[in-house]
Amino acid sequence: MPPESAVSQAAGALDPRRWKALIFIAIAQLMVVLDGTIVNIALPSAQQDLDISQANTQWVITAYALAFGGLLLFGGRVADLWGRQRAFAIGLIGFALASALGGAATSQAMLFGSRALQGVFGALLAPAALSLLTVLFTDAKERAKAFGVYGAIAGAGAAIGLLLGGTLTEYLDWRWTFYVNIPFAVVAAAGAMLVIREPESARNHSRLDIPGVILASTGLVALVYGFTRAEHEGWGESLTVTMFVAAAVLLALFALVESRVKAPLLPLRVITDRNRGGAYLALGLAIIGMFGLFLFLTYYLQVVRGYSPVRTGFAFLPMVVGMIIGSTQIGARLVTRVAPRNLMVPGLLTASLGMLLLTQLSLDSSYAGLLMPAMLLLGLGMGTSFMPAMSLSTTGVRPTDAGVASAMVNVSQQVGGAIGIAALNTVATSATTSYAEEHGVLPIDPAAMVEGFTSAIWWAFGILVAAAVVAGLLINNRGPQARPEGGKGLGEAEPVPVLAH
């Protein structure tokens with residue numbers, strides 16, 4: 001006899017265990033987001049312990065980014081085909097095993113391999129988590145609350161990772177930045193298997209688009225690696241340029257193939273929809289500014305101001321608080337009453353105001369007078385805008401495409417992060433070098449570094465304003481009453497035929 005929840009969903013009712021499911025989905029999402037920054041804090045200690053050369057240190061980050069970014073669309077579609085609960089559980093177990101391997105690493109090759117494995121399983125886990133929310137929460141008000149929690153974690157998790165990473169590294173050992181993932185994964189996987197049941201009607205029974213998988217994965221790997229290499233080797237370096245050209249060709253071929261095959265990996269209707277496309281683009285632009293900010297503020301606080309890793313983590317707490325309030329108390333409460341654009345645009349402009357304040361950084365800027373209010377504004381703005389953006393990214397999509405639509409949210413974040421770190425770091429380095437030459441000091445002089453940081457933050461401010469403009473011009477969804485594509489969507493399931501007995 002099928003589980004009660006499966007029967008109720010087949011009849012069109014809401015899963016009675018959906019709120020319990022949200023707890024375990026949130027734990028998994030927190031683990032993935034934490035991992036994005038927690039390892040950065042431990043990197044110097046791991047480098048020294050495993051005797052990793054300076055040139056090879058980047059592979060601790062790059063190995064994960066390439067695997068995760070390259071396989072996201074594949075992972076999203078596999079979740080649609082296999083079932084999201086299964087993909088979610090497998091992703092969690094694999095991520096935990098890869099984390100254990102990383103914590104036990106005895107060589108740089110072992111560490112790099114574990115990071116790549118984390119990326120592989122993360123690419124399966126992240127789209128499955130978001131698409132489970134999409135298919136489980138179909139009531140507009142409940143969906144807003146669920147996405148409010150998810151958006152708060154997605155935004156604040158990176159800052160929490162700085163705090164947790166600093167604490168673990170300073171008081172325990174860098175290996176615990178990997179081991180800490182294991183309890184998260186075990187609890188979330190156990191909960192997934194016991195509690196989560198997805199509607200059978202949301203499963204996709206098409207064949208896997210192998211040419212699409214190859215073109216999308218290689219194209220995204222080339223794109224992410226191009227931006228990663230540009231950060232270290234420069235934008236005009238031959239291999240960097242080759243990667244960008246290869247990415248453009250492969251992704252163009254991917255779009256061509258997807259327009260012609262019967263069961264595409266990424267149905268073009270998912271991204272050509274004006275509102276979803278606008279949400280992906282606005283989200284990607286916002287992430288460009290955010291990732292650059294985390295990088296520069298971390299260096300400013302630790303290198304220029306001499307903060308310890310733990311103190312640096314605590315310094316980011318106003319941003320965490322702001323994101324939680326913006327996502328759960330502002331975004332989630334208003335998204336069912338006002339159009340998404342009317343939350344995203346003010347939210348992004350509020351965040352840009354916080355970024356504008358940070359352009360005034362100096363060698364002795366007051367934390368309470370400048371840094372804290374700026375980070376609070378950034379958190380409030382990002383939380384308010386991320387929540388409706390993530391919800392809109394999967395609103396109205398066909399249930400059978402929920403996994404790949406969710407993967408596109410992660411793709412926009414991953415590519416945005418790669419662009420943000422590479423492009424803004426280039427701006428900062430150039431400004432620092434110019435200041436050093438002009439004033440006859442070394443580039444490591446604190447004043448030269450601050451000049452570089454503020455120059456890059458000015459660009460981040462402009463990018464956030466551009467994200468607000470994109471949201472204002474492209475997004476015209478009126479809210480939860482808008483009809484999904486084809487007249488049916490996640491909130492309007494196909495009628496279930498009544499069988500005669």
Side-chain angles (χ1 to χ4, degrees), residues 36-37 39-45 47-48 54-55 57-58 60-61 158-159 161-163 165-166 169-170 227-235 287-316 318-319 352 354-375 377-378 417-464:
T37 52
V39 174
N40 292 347
I41 298 291
L43 198 51
S45 300
Q47 179 184 0
Q48 184 177 7
Q54 189 63 38
T57 302
Q58 62 165 307
V60 178
I61 307 301
L162 293 173
L163 173 59
T169 303
E170 190 165 331
F227 284 116
T228 303
R229 191 171 179 84
E231 180 188 356
H232 299 281
E233 305 296 335
W235 294 87
I287 292 294
I288 290 175
M290 283 296 294
F291 266 63
L293 177 72
F294 280 124
L295 178 69
F296 301 131
L297 276 188
T298 301
Y299 275 110
Y300 173 78
L301 291 170
Q302 290 193 17
V303 179
V304 177
R305 301 298 295 272
Y307 282 30
S308 68
V310 173
R311 190 180 177 191
T312 300
F314 275 106
F316 277 97
M319 188 180 295
S352 69
M355 198 73 80
L356 184 62
L357 287 178
L358 288 175
T359 62
Q360 306 305 307
L361 274 182
S362 65
L363 288 173
D364 56 355
S365 292
S366 165
Y367 177 80
L370 178 69
L371 290 167
M372 186 170 69
M375 286 195 279
L377 284 171
L378 276 159
I419 295 171
I421 291 173
L424 295 180
N425 196 46
T426 300
V427 172
T429 301
S430 177
T432 295
T433 303
S434 297
Y435 182 94
E437 290 175 352
E438 185 180 336
H439 291 80
V441 297
L442 294 174
I444 58 172
D445 182 85
M449 295 178 69
V450 171
E451 178 68 21
F453 298 157
T454 54
S455 297
I457 290 171
W458 270 111
W459 278 90
F461 162 72
I463 291 167
L464 284 179

Asker: Which pair of non-hydrogen atoms, one from A374 and one from G354, has the smallest distance, and what is that distance?
Answerer: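 Minimum heavy-atom contact is CB-O, 3.5 Å.
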Asker: Which heavy atom in G289 sits nearest to a heavy atom in A460, and how many Å separate them?
Answerer: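 Scanning both residues completely, I find the closest heavy atoms to be CA-CB, 4.1 Å.
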Asker: Locate the shortest heavy-atom distance separating V304 from F453; write the atom from each residue and the value.
Answerer: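 Shortest heavy-atom contact: CG2-CE1, 4.2 Å.
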Asker: What are the two closest non-hydrogen atoms of A431 and S455, and how far apart are they?
Answerer: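 Smallest heavy-atom distance, with atoms named: CB-OG, 3.3 Å.
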Asker: Just checking, is any N or O donor in the side chain of T433 or S430 under 3.5 Å from an acceptor N or O on the other one?
Answerer: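 Judged by distance alone, the side chains do not pair up.
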Asker: Let me confirm one number: the CG-CG distance from L442 to D445, rounded to the nearest 0.5 Å.
Answerer: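 So the CG of L442 and the CG of D445 are separated by 7.5 Å.
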Asker: Rounded to the nearest 0.5 Å, what separation is found between the CD1 atom of I457 and the CD atom of Q360?
Answerer: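 Rounded to the nearest 0.5 Å, the CD1-CD separation comes out at 10.0 Å.
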Asker: Which of parallel (below 30°), tilted (30 to 60°) and perpendicular (above 60°) describes H439 and Y435?
Answerer: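 Rings of H439 and Y435: parallel, under 30°.
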Asker: Just how far is it from atom CG of L377 to atom OG of S352, taken to the nearest 0.5 Å?
Answerer: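 One gets 9.5 Å once the value is rounded to the nearest 0.5 Å.
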Asker: Check whether any side-chain heavy atom of T312 sits under 4.5 Å from a side-chain heavy atom of F316, and report yes or no.
Answerer: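 Yes, at least one pair of side-chain atoms sits under 4.5 Å.
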Asker: If you apply the rule side chain to side chain contact (heavy atoms under 4.5 Å, CB included), what do you find for V303 with I444, and how did you get there?
Answerer: CA-CA 10 Å; V303 179; I444 58 172; over 6 Å; no
Asker: About how many Å separate CZ of R305 and CG of D364, when rounded to the nearest 0.5 Å?
Answerer: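 Here the interatomic distance stands at 7.0 Å.
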Asker: Locate the shortest heavy-atom distance separating T454 from E451; write the atom from each residue and the value.
Answerer: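 Looking at all heavy atoms of both residues, the closest pair is OG1-O, 3.0 Å.
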Asker: Roughly how far, to the nearest 0.5 Å, is the CD atom of E437 from the OG atom of S434?
Answerer: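 Reported to 0.5 Å precision, the distance equals 6.0 Å.
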Asker: Would you say L371 and Y300 make side-chain contact, with heavy atoms under 4.5 Å?
Answerer: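 When only atoms from C-beta onward are counted, Y300 and L371 do touch, with a gap below 4.5 Å.
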Asker: Can you confirm whether more than 12 heavy atoms, excluding those of Y307, are under 6.0 Å from its OH atom?
Answerer: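 Yes, enclosed.
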Asker: Could I get the full list of side chain to side chain contact (heavy atoms under 4.5 Å, CB included) partners for A423, not counting sequence neighbours?
Answerer: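 Partners of A423 by the side chain to side chain contact (heavy atoms under 4.5 Å, CB included) criterion, ordered by chain and then number, come out as W235, I419.
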Asker: Does a side-chain heavy-atom distance below 4.5 Å link T426 with T429?
Answerer: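 No - every pair of side-chain heavy atoms lies 4.5 Å or more apart.
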Asker: Measure across P443 and A448 and return the closest heavy-atom pair with its distance rounded to 0.1 Å.
Answerer: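 Scanning both residues, the minimum pair turns out to be O-CB, 4.0 Å.
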Asker: Going by heavy atoms in the side chains, are L378 and L464 under 4.5 Å from each other?
Answerer: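 The answer is yes, as the side chains (C-beta and beyond) meet within the 4.5 Å cut-off.
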Asker: Tell me which one of L357, L370, L358 satisfies side chain to side chain contact (heavy atoms under 4.5 Å, CB included) with S365.
Answerer: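 When L357, L370, L358 are each tested with S365, the side chain to side chain contact (heavy atoms under 4.5 Å, CB included) holds only for L370.
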